[in-house]
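Worksheet: the structure to be examined is printed underneath.
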Amino acid sequence: QVRLVESGGGSVQSGGSLRLSCEVSEGSYNNYLMGWFRQVPGKEREGVAAFQEDVSKILYADFATGRFTISHDAAKNTVYLQMDRLTPEDTAVYYCAAASWTIALTMTSIRAADFAYWGQGTQVTVSS
């Protein structure tokens, strides 16, 4: 089954940027709906961004629109999340996830329940 490994998390000051990477193995990312999620202790995992290349689907959560950008590199089989103008409210563990590409055909929101495969997560901490 597909394997996902995140990297790129760390600590940054408010207003700064980070780029998260999700290296995909045992499969190609363009065969899946790929998503980024985040979670803070005591709260549910929330969708950040998702895309499926073959059906030209891309979605962002409202808080991510205009600040975060999801992208990909076919040669590296890697999906990225560029995060700009970070605030302390963006502090969370960020997860990469994969789902059946067919979900992209009808999805209107990024739901964790739709995603079957998950990475281990990478911590992002934004200080004020």
Side-chain angles (χ1 to χ4, degrees):
Q1 65 182 37
V2 66
R3 295 184 60 195
L4 310 171
V5 178
E6 303 97 333
S7 61
S11 297
V12 64
Q13 289 192 327
S14 184
S17 298
L18 281 174
R19 188 178 78 160
L20 306 182
S21 300
C22 174
E23 184 175 350
V24 181
S25 60
E26 310 302 329
S28 175
Y29 70 77
N30 62 3
N31 290 332
Y32 296 88
L33 167 65
M34 299 299 300
W36 284 97
F37 290 80
R38 68 185 188 182
Q39 189 170 27
V40 298
K43 291 190 176 181
E44 291 187 357
R45 196 166 293 188
E46 65 176 344
V48 178
F51 93 99
Q52 211 296 321
E53 185 176 34
D54 290 347
V55 300
S56 300
K57 188 79 168 191
I58 185 164
L59 286 178
Y60 290 98
D62 287 345
F63 65 81
T65 299
R67 297 192 302 130
F68 295 1
T69 305
I70 192 169
S71 63
H72 49 94
D73 184 330
K76 297 181 178 179
N77 204 21
T78 298
V79 178
Y80 303 98
L81 183 68
Q82 176 68 39
M83 304 186 295
D84 298 318
R85 303 199 307 276
L86 287 162
T87 72
E89 289 68 35
D90 295 315
T91 295
V93 178
Y94 283 71
Y95 297 89
C96 177
S100 169
W101 69 268
T102 58
I103 293 174
L105 297 173
T106 57
M107 72 182 301
T108 57
S109 62
I110 310 166
R111 304 189 313 156
D114 289 332
F115 289 76
Y117 307 102
W118 294 86
Q120 81 287 353
T122 185
Q123 176 70 45
V124 171
T125 302
V126 185
S127 59
S128 57

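Interatomic distance, SG of Cys96 versus CD1 of Ile70, reported as 8.0 Å (0.5 Å rounding). Considering CE of Met34 and OG of Ser28, their distance stands at 9.5 Å, rounded to 0.5 Å. Note that CD of Glu53 and NE2 of His72 are 4.0 Å apart. Values are rounded to the nearest 0.5 Å. Atom CG of Leu86 sits about 6.0 Å away from atom OG of Ser17, to the nearest 0.5 Å. Rounding to the nearest 0.5 Å places CD of Glu6 at 12.0 Å from CD of Gln123.
Shown here is Gln120, whose CD atom has more than 12 heavy atoms of other residues, nucleotides or ligands within 6.0 Å.
Summarising the geometry of Ala61 relative to Gly47, their closest heavy-atom pair is CB-O, 3.3 Å, with the distance given to 0.1 Å. Residues Ala49 and Leu81 share a closest heavy-atom pair of CB-CD1, 4.3 Å. When all heavy atoms of Ser128 and Pro88 are compared, the closest pair comes out as CB-CG, 3.9 Å. Between Ser109 and Leu59 the shortest heavy-atom distance is N-CD1, 3.9 Å. Heavy atoms only, all atoms of each residue included: Asn77 and Ser25 are closest at ND2-N, 4.4 Å. The shortest non-hydrogen separation linking Leu33 to Ser100 is CB-O, 3.7 Å.
In this structure, Trp101 shares a hydrophobic cluster with Val55, Leu105, the cluster being traced through Ile, Leu, Val, Met, Phe, Trp and Tyr side chains under 4.5 angstrom apart.
Linking ILVMFWY residues whenever their side-chain heavy atoms come closer than 4.5 Å, directly or via other members, places Ile58 and Val79 in the same cluster. Val48 and Val93 are assigned to two separate hydrophobic clusters, defined by single-linkage of ILVMFWY side chains at heavy-atom distances under 4.5 Å. Leu4 and Trp118 fall into different hydrophobic clusters, where Ile, Leu, Val, Met, Phe, Trp and Tyr are joined by side-chain heavy atoms under 4.5 Å apart, directly or via other members. Residues Tyr95 and Met107 share a hydrophobic cluster, clusters being chains of Ile/Leu/Val/Met/Phe/Trp/Tyr side chains in contact below 4.5 Å. A continuous path of ILVMFWY side-chain contacts below 4.5 Å connects Leu20 to Phe63, so both sit in one hydrophobic cluster.
Pairs engaging residues 107-119 under the salt bridge (Lys or Arg N to Asp or Glu O under 4.0 Å) rule: Arg111-Asp114 [sequence neighbours left out]. Within the structure, salt bridge (Lys or Arg N to Asp or Glu O under 4.0 Å) contacts touching residues 115-128 (residues at least two apart or in different chains) do not occur. Judged as a salt bridge (Lys or Arg N to Asp or Glu O under 4.0 Å), not a single pair has a partner in residues 24-33 (not counting sequence neighbours). Sequence neighbours left out, the pairs with a member in residues 31-41 that pass side-chain hydrogen bond (donor to acceptor under 3.5 Å, both in side chains) are Arg38-Glu46, Arg38-Asp90, Arg38-Tyr94, Gln39-Arg45.
Between Tyr29 and Phe51, the ring-plane angle classifies as tilted under the 30° and 60° cut-offs.
Checked against the 6.0 Å centroid threshold, Phe115 and Phe37 count as a close aromatic pair.
With hydrogens and angles disregarded, no donor-acceptor distance shorter than 3.5 Å links the side chain of Asp73 to the backbone of Thr78. When atom types are taken as modelled, the side chain of Tyr80 and the backbone of Thr69 share no donor-acceptor pair closer than 3.5 angstrom. No side-chain donor-acceptor contact under 3.5 Å links Gln13 to the backbone of Ser127. When atom types are taken as modelled, the side chain of Thr125 and the backbone of Thr91 share no donor-acceptor pair closer than 3.5 angstrom.
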Handout entry: Chi angles and distances behind the side chain to side chain contact (heavy atoms under 4.5 Å, CB included) call for Met83, Val12
Key = CA-CA 11 Å; Met83 304 186 295; Val12 64; over 6 Å; no

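Remark: Arg19 engages no residue in a salt bridge (Lys or Arg N to Asp or Glu O under 4.0 Å) (not counting sequence neighbours).
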